[in-house]
Enquirer: 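Below is a structure I'd like to ask you about.
Below, chain A is the first sequence line, B the second, and so on; all start at residue 1.
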Amino acid sequence: MTQTTASNPTDFIRDIIDQDIRTNKNAGRLATRFPPEPNGYIHIGHAKSVCLNFGLARQYQGTCNLRLDDTDPAGESMEFVDSIIRDVHWLGFDWEDRLFYASDYFEKLYLFAIELIKSGNAYVCSLSPDEIREHRGTFTEPGKESPYRNRSVEENLNLFERMRAGEFEDGAHVLRAKIDMAAANIVMRDPILYRIKREPHYRTETKWVIYPMYDFAHCLSDALEGITHSICTLEFENNRPLYDWIVGKLIPANRPKQIEFARLSVSYTVLSKRRLIELVQKGYVRGWDDPRMPTVTGMRRRGYTPEAIRKFCAQIGVAKNDNLIDVALLEHCVREDLNERAPRVMGILRPLRVVIDNYPENQTEDFDCANHPQRPEMGTRKVPFSRVLYIERDDFMEDPPKKYNRLAPGREVRLRNAYIIKFESMVKDEQSGELLEIHCTYDPQTRNAPPADGRKVPGVIHWVSAGHGVPAEVRLYDRLFNIEDPGSEEDFIKYLNPDSLQTVMTCHVEQSLKNAEPGSQYQFERLGYFCVDEDTGAGRLVFNRVVPLRDSWTKIAAGK
RNA sequence: UGGGGAAUCGUUCAAUGGUAGGACACCGGACUCUGACUCCGUCAAUCAAGGUUCGAAUCCUUGUUCCCCAGCCA
């Protein structure tokens, strides 16, 4: 039977499109759009929609427009438009010359509203906001008709024109569709189409004091652009009858099909715009691009790749079930991609000084190290080795537990890409008892070779030459929240993970990283994937840990 | 409570009247100069109860649970 694969995903939306193409609807044409409101940065949930809409266009040789749904000037700005453009491009998609703004349709939409008034399908209502709410009724009681519902076409036209002209205060009047105040679906109880709002718009500035509502602007924008399949999230299901009603009255020949799918939720993070804004504005994170944020810009800075995000979006699929995707799947996709492309290097987070007693004082050797164990075409690099090294503090234990195969008194380990060394002694601070350094000897026969006597040395640890390594700052990230579904908690702030950022200033990385490019990713062997942060420069090297390597040792250690 | 949706392994997506399958997670093993990668294996699900049928996750009936809607937000 049909298998779901990344290259050929199947889902209910594609089933609908296949059906439409088979029956030659829209002359076999497919047109979608990605319609964000520019009042925030886009996040992984938007990425799902981006991959869906642009992916569909790619798959069916159709088109996907980028449209800024900017019908409410409050909170919208060019900064957000710019970020959206940048982020969608970065994700790997292009809309050619089809960049649109709902605000470019304001004049057309106004004319459509006039048309609706003339056909007796819309009226100016002068109830106050409170009165409108009271008239709307409840889930179980029908609404009451507005006393202004039966104004003449002439009066409506006159009032609406004057609304536009700025003759009235905010809230004095609204334009409403005349549908059915007794409709079981509350959306259909004479929904508001236009409101007066004296708020400068980032694009039209002060030209307009009336703005169309989503329900009016969105469907008509779709129809105007010739969208065939208008894909949105589940909460708009109730609005579909209104979508169809409006287009049916105004552009009936060109009615897009609205299809709803479940929005994405990811465990241990929040995705609602309101909550994301709160994190930024109240300073719980450093900004929209904080590497802990699920925003596209945050993930980019963290070191996630577009390929990984696209893979993730393909893996999670598209359905109508409410979902909470395990963040482990996202991390899996990131590791899978970075494992392929990230060059290997060695870096020490928390150094422990090691002196190789039998290694000549002033000698240095350059070891050729593979940049990728499975991809020889990625080449090698020279890594200097000398008498004094740093190893990871965790790679030595005075009194190791069972199964610990790293360095300990009396033990040997392989230094990755170098020699096998053997523990000889340790030096502690006489007062505090703190371990200062350890002394080892090396086996000269074991450079790039197994021990001559056939003995087994299972442990392999990474190292950096103390005289050659470069100091660096490393930022370790953990999940932003410490409960699975913080988005479902009203007081989500109290579930913030206090340890979501750990800054380590003691790091030493191999010298090949001295001029590493900001934005580039590496695997620090045995530790994880790291990305050069943009704070790097002027003698400062800063890394973000993208994601740690899978680690079976901590599980073993925890179990014992 | 009226309306609109959704219920399948721990999580997620499939199976469109004919062997309930994949991915992630988990657990076990092989390999290993990364306790990584890779490979192999185990565990594990049809919301419930009836009905139709040779055969039901799928069709019918009745329930149950969860999500969305009473912004001049989108």
Enquirer: From the list A7(B), U12(B), A74(B), which nucleotide is the closest neighbour of the side chain of M213(A)?
Expert: A74(B)
Enquirer: How are the rings of H201(A) and Y211(A) set relative to one another: parallel (under 30°), tilted (30 to 60°) or perpendicular (over 60°)?
Expert: parallel
Enquirer: Give me the distance, rounded to whole Å, that separates U62(B) from A23(B) when you measure between the C1' atoms they each carry.
Expert: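 Looking at atom C1' only, U62(B) and A23(B) are 36 Å apart.
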Enquirer: Is there, by distance only and without an angle test, a donor paired with an acceptor across the side chain of Q523(A) and the base of U34(B) below 3.5 Å?
Expert: yes
Enquirer: Identify the nucleotide, in any strand shown, that forms a Watson-Crick or G-U wobble pair with U1(B), with both distances under 3.5 Å; if there is none, say none.
Expert: none
Enquirer: Categorize L549(A) for me: base, sugar-phosphate, or nothing, with a 4.0 angstrom heavy-atom threshold over every strand shown.
Expert: base
Enquirer: Is there a donor on the side chain of N185(A) or the base of G4(B) sitting less than 3.5 Å from an acceptor on the other?
Expert: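 There is none.
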Enquirer: How close or far is atom C1' of C73(B) from atom CZ of R274(A), stated in whole angstroms?
Expert: 13 Å
Enquirer: Of the nucleotides U34(B), U16(B), C37(B), which has the atom closest to the D15(A) side chain?
Expert: U16(B)
Enquirer: If you look at every strand shown and take non-hydrogen atoms under 4.0 Å, does D170(A) touch a base, only sugar-phosphate, or nothing?
Expert: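 The residue D170(A) makes no contact with any strand.
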Enquirer: Go through D394(A) and R526(A) one step at a time and tell me if the salt bridge (Lys or Arg N to Asp or Glu O under 4.0 Å) criterion holds.
Expert: CA-CA 12 Å; D394(A) 285 350; R526(A) 304 209 308 130; over 6 Å; no
Enquirer: Taking the side chain of D551(A) as its heavy atoms from C-beta onward, which of G35(B), A7(B), C33(B) lies nearest to it?
Expert: G35(B)
Enquirer: So does D190(A) pair up with R149(A), basic N to acidic O under 4.0 Å?
Expert: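 Salt bridge between D190(A) and R149(A), a charged N being under 4.0 Å from a carboxylate O: yes.
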Enquirer: Could you check if the base of G29(B) is syn or anti? Syn means the glycosidic torsion is within 90 degrees of 0.
Expert: anti
Enquirer: For the side chain of R195(A), starting at C-beta, report the closest nucleotide among A74(B), C26(B), G35(B).
Expert: A74(B)
Enquirer: Pick base, sugar-phosphate or nothing for T71(A), based on heavy-atom distances below 4.0 Å to the nucleic acid.
Expert: sugar-phosphate
Enquirer: Taking the side chain of A328(A) as heavy atoms from C-beta outward, which of G35(B), C24(B), C69(B) is closest to it?
Expert: C24(B)
Enquirer: Verify whether one side chain among H218(A) and R33(A) offers a donor that lies under 3.5 Å from an acceptor in the other.
Expert: yes
Enquirer: Where the side chain of V460(A) is defined as all heavy atoms beyond and including C-beta, which of G35(B), C68(B), G71(B) is the nearest nucleotide?
Expert: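 Nucleotide nearest to V460(A)'s side chain: G35(B).
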Enquirer: Using heavy atoms to find the nearest nucleotide of RNA chain B for P458(A) and I325(A) separately, return the residue whose nucleotide is more 5′.
Expert: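 The residue closer to the strand's 5' end, by nearest nucleotide, is I325(A).
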Enquirer: Between E484(A) and N405(A), which residue's closest nucleotide on RNA chain B lies nearer the 5′ terminus?
Expert: E484(A)
Enquirer: Does H462(A) place a side-chain N or O at less than 4.0 Å from the phosphate oxygens OP1/OP2 of U34(B)?
Expert: no
Enquirer: Identify whether any heavy atom of S272(A) sits under 4.0 Å from a base atom; if not, whether one sits that close to sugar-phosphate; answer base, sugar-phosphate or nothing.
Expert: nothing
Enquirer: Please tell me which of the listed nucleotides, C24(B), A36(B), U12(B), lies nearest to the side chain of S552(A)?
Expert: A36(B)
Enquirer: Compare the minimum distances between each of U11(B), A74(B), C13(B) and the side chain of D326(A), then state the nucleotide with the smallest one.
Expert: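 Of U11(B), A74(B), C13(B), U11(B) is nearest to the side chain of D326(A).
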Enquirer: My understanding is that a pair needs two contacts under 3.5 Å, Watson-Crick or G-U wobble. By that rule, which nucleotide pairs with U64(B)?
Expert: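 Its partner is A7(B) (Watson-Crick or G-U wobble, both distances under 3.5 Å).
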Enquirer: Please determine, for the side chain of T140(A), which listed nucleotide (U1(B), C72(B), A23(B)) has the closest atom?
Expert: U1(B)
Enquirer: Among A25(B), A70(B), G35(B), find the nucleotide with the atom closest to the side chain of F139(A).
Expert: A70(B)
Enquirer: Have a look at V318(A) and say if it touches a base, only the backbone sugar-phosphate, or nothing, with a 4.0 Å heavy-atom cut-off.
Expert: sugar-phosphate
Enquirer: Tell whether R550(A) reaches the base of G35(B) with its side chain through a donor-acceptor pair below 3.5 angstrom.
Expert: no
Enquirer: Inspect the surroundings of CD in Q19(A) and state if more than 12 heavy atoms from other residues, nucleotides or ligands are less than 6.0 Å away.
Expert: yes
Enquirer: Under 6.0 Å between ring centres, would you say that holds for Y194(A) and F216(A)?
Expert: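 Aromatic pair counts; centres sit under 6.0 Å.
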